[in-house]
Each structure stands twice: as C-alpha cells, then as structure tokens.
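Each remark here refers to the structure printed beneath this line.
Atoms considered below: every heavy atom in the structure, side chains included; atoms not considered: hydrogens, waters and symmetry mates. Lettering follows sequence order; numbering is per chain, from 1.
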Amino acid sequence: MKGNSEPIIEVSGICKFFGAFQALNNVSFSVADGEKVVIIGPSGSGKSTVLRSINRLETIDRGRIVVHGMDVNDPETDICNVREEVGMVFQSFNLFPHKTVLENLMLAQLVVRRRNRTEAENVSMELLRKVGIEEKANSYPARLSGGQQQRVAIARSLAMNPKAILFDEPTSALDPEMIGEVLDVMKTLAREGMTMVVVTHEMGFAREVADRILFMDHGKVIEEGVPEHFFTDPSHERTKLFLSQIL
Amino acid sequence: MKIFRNIAVAFCLLACSTVVAFAAPKTIKVATDATWPPMEMVDTAKKIVGYDIDFLNAVAKEAGIAVEFKNTAWDGIFAGLDSGQYDAIISSVTITDERKAKYDFTEPYTSIGQILIVPKADMSSRKIADLKGKKIGAQIGTTGAFEVKKVAGVELKTYDEIGLAFEDMAAGRVSGVVCDEPVAAHFALKKQEYKDKFKIVGASFTKEAYGIVVKKGNKELLDILNRGIKAVKAKKLDARIHSKWVK
Amino acid sequence: MQDNSSLQKTIDIGEGAAIPLKSDKGLFTAWRIAFFGAIATCLYLAFFRPDEYMAIFRFIPDGIIVTFKVTVGSIILALIVGLIAGLGRISSNRLINGAASLYVEVIRGIPLLVQLFYIYYALGRFVKIPDMASAIIAMAICYGAYLGEVFRAGIQSIPKGQMEAALSLGMSRFQAMRHVILPQAFKVILPPVGNEFIALLKDSSLVSILAVSDLLRRGREYASETFSYFETYTVIALVYLILTLFFSKLIGIMEERLNEGK
C-alpha cells in the first residue's frame with residue numbers, strides 16, 4: 001500500500017435498497033491518502049452506487065461513510081463541506097452548457113470557495129493548460145469533442161483542490177479514439193499523488209494505475225487485492241469468469 | 001346544406017312567432033338593470049322587483065298590454081335597445097338632452113336628485129367639490145357619474161353596479177359615492193351592514209325626472225305607455241307605489 | 001433515469017397570440033398584415049372620420065397606460081409567485097410540495113373573473129389594498145399558478161446530471177438552482193412565458209370589472225355616455241390587437257436573440 005495510512009474515505013458496512021432490490025450489501029473498504037482504488041465489476045453490480053454514496057448523491061440505508069473525518073450521513077454534517085473535498089467526474093461529463101469552459105471551471109471557485117475573479121481565472125487557466133485545452137477556454141462545451149469535455153470536467157473538479165476525486169466510468173461515453181487522452185490525464189493525476197476512486201471497465205488502466213482493485217458483484221465486494229495478484233491469480237470463481245469475459 | 005336548413009327553420013319559427021304575437025294581447029319586452037335598489041332589484045326569490053317594476057306593471061294594466069322584464073347590465077342597456085333585443089327600458093333612466101337626442105322618452109313618471117354619500121368618519125365633506133384630490137365612485141354611464149366628472153380635481157371611479165361602489169367605499173378605496181337619492185337612502189340608511197358606516201350629506205343637487213325609453217320613432221309604443229302613465233297618475237297609483245318602496 | 005418525454009408527441013397550442021415563427025419571413029406575413037392593417041385602420045378612422053373617432057382616441061390613452069401597468073406589474077409579480085410555486089412543486093419537502101400543489105390546483109380550478117372579484121371585494125373587507133394593486137395581486141396569483149407549472153416543467157427538463165455536477169462541486173441546492181439550473185431553464189420557459197404574457201395582456205381587460213380604469217373600462221365609459229358603442233368597441237378591439245401583436249413580435253425577437261447568443 002502506497003501513501004500514508006490515514007484513510008481519507010472510510011466505508012463501513014453500507015447497505016442500500018431501491019425498493020425491494022438490494023443495490024449494496026454490506027460494503028466496506030477504506031481509501032488512504034494518495035491511494036488509487038479501482039472498482040470493477042459487471043454492470044448493475046453496485047459500483048456506481050458505492051461511488052455516489054461517498055458524496056451522498058445517493059443516501060444509504062445502513063452503515064457509515066466517513067470522509068476526511070466527516071460522517072457523510074450525519075444530519076449535523078454540512079454535506080457541502082464533504083463535496084468540496086471530494087471531486088466527482090461523471091460518465092456524461094455534465095459540463096454546464098450555458099457557460100464557457102473557463103466559466104465552468106470558475107463557477108464553484110467563486111460561489112463555493114469564494115475566491116476572487118483573478119485568482120479563480122488563474123487557477124482555471126493553469127488547469128486547462130495542464131489538461132491540454134487552454135485554447136478552448138472561451139468556447140462553449142457543445143463545441144468540444146467528448147474527450148475534451150471530459151478533460152474539462154476533470155479540470156473543473158481539480159479547481160476545487162479536492163482531497164480526492166471519484167471517477168464514475170469516465171470513459172464509457174467516449175468514442176474509442178478519445179479514451180486515451182482522458183486516461184492520460186488521469187494517469188498524470190495518479191502520478192502526482194491524487195487520491196482517486198475509479199469505477200471503470202478499462203482494465204489496462206486499472207492494472208497500470210491501481211494500488212488496489214475491488215471486484216463487485218450483486219452489491220457485494222467479492223474480491224480485493226493488488227493488480228498483479230488480481231489479474232493473474234484471482235481467488236474467486238466469479239472474478240475469473242468476469243476477467244475471462246472482459247480480457 | 002345544413003346551414004340552409006337551419007336558416008329555413010329559423011324563418012319558419014320567426015313567422016310563427018309573429019303570427020302568435022298578433023293573436024295574443026301585445027307583450028312588450030322591457031330591459032331593466034336590477035342592481036339599483038329600491039327602484040329595481042332582484043329579491044331573494046330571484047324575482048325582479050322594485051318601484052319601476054310595480055309602476056310599469058300598473059301602466060301596462062291600464063294600457064292593456066303585458067310586460068316581460070329582462071335583467072340587463074346598465075353598461076350596454078342602450079345598445080341592446082338599438083339592436084332590438086327589447087322594446088323599452090325602465091331602469092331609473094333620467095331624461096337628459098343627450099339621451100333625448102338618440103332615444104324617445106315617455107312623459108316623466110317620477111323626479112329624483114343626485115346625492116352624495118360618504119363614510120361616517122368624514123366630518124367635513126358636504127358636496128362633491130369638498131372631495132378634491134380624492135376618488136368618488138358612481139355607476140358607469142349614470143347621471144351621478146356625469147355629475148362627478150363635471151367637478152375638476154375629483155377622480156371618478158365607475159362601477160358596473162352601484163353596490164360595488166358602496167363595497168369599495170367600505171374597503172376604503174373611494175371617499176364618496178354619488179347616486180340617485182332613493183338608492184342612496186336604501187344603501188346608507190336601510191342596508192344593515194352599511195348603516196353604521198355611511199351617511200348621506202347635503203341635499204340632492206340635481207333635479208331629474210325618470211322616463212321610460214323606447215327606440216327613436218317608436219311612436220306607437222310611446223303613445224301606449226304615455227296613455228298608461230296618465231291613467232296611473234290620475235288614479236294616484238304612483239303615490240301608493242312610491243310609499244311602498246321609497247318611504 | 002431515461003427521459004421518455006421525447007417519445008411523446010406534444011401538441012403545443014398557446015393560449016396567447018401566436019408568437020411569430022422564425023420561418024415567417026415573407027413580405028406579407030399574417031403578422032404584418034394584421035399589425036399594419038390595424039394601425040392603418042386606426043389612422044384612417046382618426047383622420048378621415050374625425051367626427052366619430054377623434055374623441056375616442058383622445059379619451060382612451062390613459063386607459064392604455066393602465067392596461068400596460070396592470071399587465072407588466074402582474075407578469076413580474078406572477079413570475080416571482082410562479083418561481084416559488086414551481087420550486088415548491090419539485091421540492092422533496094412534503095409540506096412545501098403539498099402547499100404548492102394545493103395552490104396550483106385551487107387556482108387553476110377557479111375562473112379568473114371569480115378570482116378577481118374575490119380578491120378585490122372579499123379580501124377588501126379585511127385588508128386595505130389600493131385598487132390597481134389588488135387587481136395586479138389578483139392577476140398575479142392566478143397567473144402565478146400557471147407560470148408555476150411552466151417553471152416546474154422547465155426545471156425538470158434540465159438533465160439530472162446538471163444538478164449532480166453542481167452539488168458535487170460543493171454548491172448548495174440554492175446555488176445550484178441559481179447558477180446552473182435556472183439559467184438553463186430560462187431558455188426553455190421563455191416561449192411559454194411569452195405566451196402567458198400575451199394571454200395576460202388580453203385577460204387584463206377583466207380588471208375593468210374592478211372599476212380599474214383600463215383600456216376596456218375607458219371605452220365602456222365613453223360608450224355609455226355617448227351611446228356610440230360600435231365606434232368605441234371598434235377602436236378598443238384595434239388597440240388591443242395592436243398591443244398584442246406588438247408584444248408577441250417583441251417576444252419572438254427576444255427568443256431569436258437568445259437562441260443566437262448560444
């Protein structure tokens with residue numbers, strides 16, 4: 001395990017029901033500072049629900065999630081404080097279509113972080129340079145390719161200086177030729193020591209970047225381990241089956 | 001084709017009704033705006049009653065005709081006579097030169113004057129001119145409204161029904177109401193909810209006579225009505241009707 | 001999570017005057033014929049039939065101003081009421097949601113004319129509100145219910161991901177509404193709001209029953225004094241027509257601008 005041992009995200013025994021359907025069944029794991037955790041599994045296995053529970057886009061029915069010392073589901077907790085510290089990147093980018101790329105990056109800095117315009121603009125431009133699309137700063141999202149939009153979304157998330165970023169299938173909505181550019185940005189972040197929780201089907205990325213891999217099926221964590229072990233010698237039958245289908 | 005048939009049917013009905021009209025004793029249709037108590041109003045049994053109604057019924061009896069009353073909004077009551085929806089109007093219509101130019105009037109059947117009503121709290125106002133800079137209510141198109149309009153510096157507010165003007169004075173939106181003396185007496189002195197709120201001030205300041213209105217040139221009907229009025233007056237029936245409704 | 005509204009065909013017939021379509025670009029559009037025809041008729045009446053008509057044109061201008069004030073005042077207030085009602089209708093708080101839904105259902109079930117009478121005369125017994133203000137309040141309460149539904153539909157038409165993205169950046173629900181959802185919803189709701197505005201302009205003639213001296217009431221006062229009903233209502237109809245056509249064009253232009261600005 002890389003990074004120091006203090007967990008930034010601690011998920012313990014969470015359960016979630018959609019009506020009679022149990023989406024999450026006693027899921028527990030923790031993410032240490034600087035750690036990269038990749039969650040894989042078949043669709044409908046509950047990966048995205050776990051991720052969305054961490055910043056309470058989904059509420060949980062049982063268990064506890066603590067982020068940076070804050071109990072996410074405690075009514076006393078101001079959930080905005082949690083979300084400021086944990087960025088999120090969505091499958092469908094969710095850029096604000098009525099704002100330019102630069103404004104997309106600046107908005108939350110201005111209204112949440114209360115930075116002044118100049119500072120927010122400087123931060124934004126630097127991040128756009130980092131993800132390689134500074135020349136599109138004044139374009140509207142509709143003018144950008146999917147890959148560019150997702151890079152903007154990552155930059156928007158970084159602009160808040162989060163302690164960790166959650167990636168919810170960030171490349172699933174992209175054309176194949178654009179997946180690489182987004183994964184490259186993510187790999188750079190990983191190298192720089194960003195704490196990341198990534199739900200993805202990109203096994204190459206998982207293998208290269210992950211410190212730890214969680215395999216989920218039917219709302220449960222079936223297997224957990226370092227990539228070398230996970231990909232070469234999985235201990236669980238279902239993991240083997242999944243890997244044989246996907247690789 | 002259908003439309004022709006409808007027209008044909010309509011013509012037949014019209015022809016039949018004309019025949020019936022010749023056969024039966026002559027019935028005239030008379031419009032009245034039954035919102036002008038005690039001259040004309042609708043009682044709790046939804047019947048049109050009042051001074052004018054009793055008076056015209058007496059006239060009709062003397063003249064040997066039948067009367068059918070039609071409750072019509074004052075605003076537009078003359079337009080209905082123009083378009084032939086009824087044969088005459090009895091609705092506290094003051095005989096004025098402007099009206100005489102467009103319509104024919106019977107002999108006057110009673111005389112009244114306009115009078116001012118103000119809230120009891122108003123200690124100083126005696127006449128319209130005392131309410132300079134304030135609003136005075138009157139029914140649209142009545143001699144009361146014309147009188148208010150003549151006085152410079154007073155704002156006229158016109159109502160579809162005189163009762164609404166009193167209601168608005170109760171709500172404090174107008175500072176006075178001008179109307180026919182008998183109507184004023186009814187609202188300010190008889191009506192329970194207004195008795196404690198309003199008072200009549202000064203004496204009536206116009207000399208007006210009511211007449212029954214017929215279409216210009218309808219001499220036949222005019223003669224019948226005048227004959228009836230003469231007979232009613234000769235028998236002093238009008239005095240009895242007056243004491244029943246006004247005093 | 002899939003929005004299936006795109007699968008349903010909707011027949012969209014506004015109750016207001018038709019907002020001119022962008023495609024109506026010919027020299028002789030229905031709008032132009034109606035608008036310039038109405039203006040030409042007014043000029044003709046004023047200058048070639050001055051005996052009957054000049055006095056009417058002199059009598060009604062303050063009524064036009066009152067109609068304008070009532071319409072603009074009502075739509076502004078109705079937008080505020082509508083926004084609150086619309087937000088209430090999508091609120092997850094059961095109490096707020098229930099109150100907003102009740103308001104919308106009650107108001108939509110009562111004719112505007114009855115509401116006007118009610119708010120003006122019935123409430124006048126308990127609270128002292130000046131006449132034009134109560135007319136505006138009554139109109140706004142009624143139209144607020146309709147606009148509330150427009151706002152609700154507009155807000156719900158914005159993909160759920162937008163709210164989630166805003167929240168995940170640490171914005172409060174209020175901030176997300178204000179900076180992310182409403183600016184986008186505004187574009188969606190502008191056409192129906194424009195239609196409501198035109199409908200409101202026409203319905204403002206109902207305030208004439210409240211003894212508010214609007215265009216219609218001025219006309220009725222003139223007619224009841226001069227007995228020239230035909231001439232007066234001809235002018236009143238023409239003036240309303242010019243007003244509604246003018247404003248529907250204005251709204252049409254605003255919409256086009258907004259779509260180009262993107």
| request: For the pair B:Glu208 (side chain) and B:Gly113 (backbone), establish whether a donor and an acceptor sit closer than 3.5 Å, ignoring hydrogens and angles. | output: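 Side chain of B:Glu208 to backbone of B:Gly113, a donor-acceptor pair under 3.5 Å: no, none is there.
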
| query | Is it true that a side-chain atom of B:Asp122 and a backbone atom of B:Val118 form a donor plus acceptor pair closer than 3.5 Å? | reply |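 No, because the side chain of B:Asp122 does not come within donor-acceptor range (under 3.5 Å) of the backbone of B:Val118.
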
| Atom group of B:Glu193 that falls short of 4.5 Å from chain C, counting heavy atoms |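 The side chain, not the backbone.
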
| query | Measuring heavy-atom distances to chain C, does B:Ala79 have an atom under 4.5 Å in its side chain, in its backbone, in both, or in neither? | reply |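 Both the backbone and the side chain of B:Ala79 come within 4.5 Å of chain C.
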
Do the side chains of [X] and [Y] get close enough for a salt bridge, i.e. N-O under 4.0 angstrom?
{"X": "B:Asp87", "Y": "B:Lys29", "answer": "no"}
{"X": "B:Asp168", "Y": "B:Lys157", "answer": "yes"}
{"X": "B:Asp104", "Y": "B:Lys215", "answer": "no"}

| query | Is the distance between the ring centroids of B:Phe198 and B:Phe187 less than 6.0 Å? | reply |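 B:Phe198 vs B:Phe187: aromatic centres not under 6.0 Å.
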
| Do any of residues 65-76 of chain C come closer than 4.5 Å to chain B, heavy atom to heavy atom, and if so which ones, in number order? |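 Against chain B, none of the residues of residues 65-76 of chain C fall inside the cut-off of heavy atoms under 4.5 Å.
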
What class does the angle between the rings of [X] and [Y] fall in, given that below 30° is parallel, 30 to 60° is tilted and above 60° is perpendicular?
{"X": "C:Tyr44", "Y": "C:Phe48", "value": "parallel"}
{"X": "B:Tyr51", "Y": "B:Tyr109", "value": "parallel"}
{"X": "C:Tyr143", "Y": "C:Tyr146", "value": "tilted"}

Per-residue contact mode, [X] against chain B (heavy atom under 4.5 angstrom):
{"X": "C:Tyr222", "answer": "neither"}
{"X": "C:Tyr229", "answer": "side chain"}
{"X": "C:Ser134", "answer": "side chain"}

| said: For the interface with chain C, which of B:Leu156, B:Leu164, B:Asp82 has the highest count of heavy-atom pairs at distances below 4.5 Å? | reply: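 Of B:Leu156, B:Leu164, B:Asp82, B:Leu164 has the most heavy-atom pairs under 4.5 Å with chain C.
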
